[in-house]
Peer 1: 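I'd like to ask some things about the structure below.
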Amino acid sequence: GAVVSQHPSWVICKSGTSVKIECRSLDFQATTMFWYRQFPKQSLMLMATSNEGSKATYEQGVEKDKFLINHASLTLSTLTVTSAHPEDSSFYICSASKGAGDLSNQPQHFGDGTRLSIL
Amino acid sequence: DAKTTQPPSMDCAEGRAANLPCNHSTISGNEYVYWYRQIHSQGPQYIIHGLKNNETNEMASLIITEDRKSSTLILPHATLRDTAVYYCIVRVAGSEDNTNAGKSTFGDGTTLTVKP
């Protein structure tokens with residue numbers, strides 16, 4: 001159990017367009033999901049914490065108007081990269097933990113990531 | 001968040017035990033130590049986690065020192081498929097109304113190469 005699915009796995013689009021990435025917990029409910037970005041040969045960088053039914057919490061330096069997060073249900077969070085530019089090209093990864101409350105004792109289960117290329 | 005320090009790379013012979021160290025000297029009493037690994041172009045995979053006691057599962061063992069300032073991940077019989085970047089993370093503790101609760105900050109990890 002504990003499968004997290006991301007869609008799409010790979011997307012190429014023109015500069016200036018918006019791209020939506022979905023993150024689904026397939027066999028469990030997740031009140032909290034996390035979004036990461038990873039550049040080549042670098043580690044994962046936490047972008048934001050997605051909370052079901054409330055606003056996302058963004059890390060310092062991450063533009064909330066640029067990266068729109070919606071967590072409308074207990075199994076789905078979406079990340080929309082608005083007006084994407086080549087510098088937004090990256091590997092975007094989401095994760096989710098089972099349950100609610102104190103998640104520190106709950107493993108994060110990661111999606112397989114979305115590779116975004118902006119031309 | 002408590003930071004972790006890991007060696008950038010390690011080699012291990014196939015079939016031998018791989019011992020991956022991690023320092024987390026600023027860890028707080030209620031923060032868990034987690035290990036994940038990432039194979040190229042995939043999302044990280046959960047391996048194991050612990051608070052104070054040593055832990056073992058079907059994938060690995062986790063040894064945490066008594067003062068909790070360091071830990072070691074042990075892959076008992078490494079295979080070529082265990083070649084990956086291994087991340088040691090201290091996960092923020094908290095309650096539901098703590099916006100930082102459950103966050104994981106990834107360091108640079110250890111690139112483990114298992115050789116035939």
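No hydrogens, no waters, no symmetry mates; every other heavy atom, side chains included, goes into these values. Quick caveat, the model's predicted, so the values are computed rather than measured.
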Peer 1: Look at atom CG of B:Asp108 and say whether more than 12 heavy atoms of other residues, nucleotides or ligands are closer to it than 6.0 Å.
Peer 2: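 Open: at most 12 neighbouring heavy atoms sit under 6.0 Å from CG of B:Asp108.
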
Peer 1: Under 4.5 Å between side-chain heavy atoms, hopping through other hydrophobics if needed: is there a path connecting A:Phe67 to A:Phe34?
Peer 2: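 No.
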
Peer 1: Output the distance between atom OG1 (B:Thr105) and atom CE (A:Met45), rounded to the nearest 0.5 Å.
Peer 2: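 Here the rounded value is 11.0 Å.
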
Peer 1: Supply the atom-to-atom distance A:Asn105 CG to B:Asn30 CG, rounded to the nearest 0.5 angstrom.
Peer 2: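 Here the interatomic distance stands at 11.5 Å.
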
Peer 1: Answer yes if A:Ile69 and A:Met33 sit in the same cluster of Ile, Leu, Val, Met, Phe, Trp and Tyr residues linked by side chain heavy atoms under 4.5 Å apart, and no otherwise.
Peer 2: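 No; tracing contacts between hydrophobic side chains, which count when under 4.5 Å, never links both residues.
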
Peer 1: Using 0.5 Å steps for rounding, measure from the CD atom of B:Gln42 to the CZ atom of A:Phe91.
Peer 2: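 Between B:Gln42 CD and A:Phe91 CZ, I get 8.0 Å after rounding to 0.5 Å.
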
Peer 1: What's the shortest heavy-atom distance between A:Pro107 and B:Arg91, and which atoms?
Peer 2: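 Distance-wise, the nearest heavy atoms are C-NH1, 3.9 Å.
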
Peer 1: If you draw a 6.0 Å radius around NE2 in A:His85, do more than 12 non-hydrogen atoms from other residues or ligands fall strictly inside?
Peer 2: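 Yes, the 6.0 Å shell around NE2 holds more than 12 heavy atoms from other groups.
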
Peer 1: Taking atom NZ of A:Lys66 as the centre, does the number of heavy atoms from other residues, nucleotides or ligands within less than 6.0 Å exceed 12?
Peer 2: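 Check passes, neighbour count above 12.
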
Peer 1: Which atom names give the shortest non-hydrogen contact between B:Tyr87 and A:Gln38, and what distance separates them?
Peer 2: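 So the two residues come closest at OH-NE2, 3.8 Å.
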
Peer 1: When the ring centroid of B:Phe106 is compared with that of A:Tyr36, is the distance short of 6.0 Å?
Peer 2: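 When the ring centroids of B:Phe106 and A:Tyr36 are compared, they turn out to be within the sub-6.0 Å range.
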
Peer 1: Are B:Gln38 and A:Ser43 close enough, and set up right, to give a side-chain contact (heavy atoms from CB on, under 4.5 Å), and what steps lead you there?
Peer 2: CA-CA 10 Å; B:Gln38 186 178 28; A:Ser43 185; over 6 Å; no

Peer 1: Judged by modelled atom types alone, do A:Gln108 and B:Ser104 share a side-chain donor-acceptor pair under 3.5 Å?
Peer 2: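 Yes - a donor-acceptor pair under 3.5 Å links their side chains.
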
Peer 1: Out of curiosity, does A:Leu46 fall in the hydrophobic cluster containing A:Tyr58 (side-chain heavy atoms, cut-off under 4.5 Å, transitive links)?
Peer 2: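 Result: no, two separate clusters.
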
Peer 1: When rounded to the nearest 0.5 angstrom, what distance separates CG in A:Leu44 from OH in B:Tyr36?
Peer 2: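 Here the rounded value is 11.0 Å.
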
Peer 1: Can you find a pair of side-chain heavy atoms, one from B:His49 and one from A:Ser104, that are under 4.5 Å apart?
Peer 2: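 Counting from C-beta outward, B:His49 and A:Ser104 never come under 4.5 Å.
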
Peer 1: Top residue by heavy-atom pair count (under 4.5 Å) with chain A, among B:Gly43, B:Pro44, B:Gly107, B:Gly109?
Peer 2: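 The answer is B:Pro44.
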
Peer 1: Measuring from A:Lys41:NZ to B:Thr111:OG1, what's the distance to the nearest 0.5 Å?
Peer 2: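 Rounded to the nearest 0.5 Å, the NZ-OG1 separation comes out at 9.5 Å.
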
Peer 1: Given a strict heavy-atom distance threshold of 4.5 Å, which part of A:Ile93 is in contact with chain B: side chain, backbone, both, or neither?
Peer 2: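 Looking at A:Ile93, just its side chain touches chain B.
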
Peer 1: In this structure, would B:Tyr86 and B:Met59 fall into the same cluster of hydrophobic residues linked by side-chain contacts under 4.5 Å?
Peer 2: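 B:Tyr86 and B:Met59: one cluster.
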
Peer 1: In this structure, would A:Val62 and A:Tyr92 fall into the same cluster of hydrophobic residues linked by side-chain contacts under 4.5 Å?
Peer 2: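 As far as the 4.5 Å side-chain criterion goes, A:Tyr92 and A:Val62 are connected within one cluster.
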
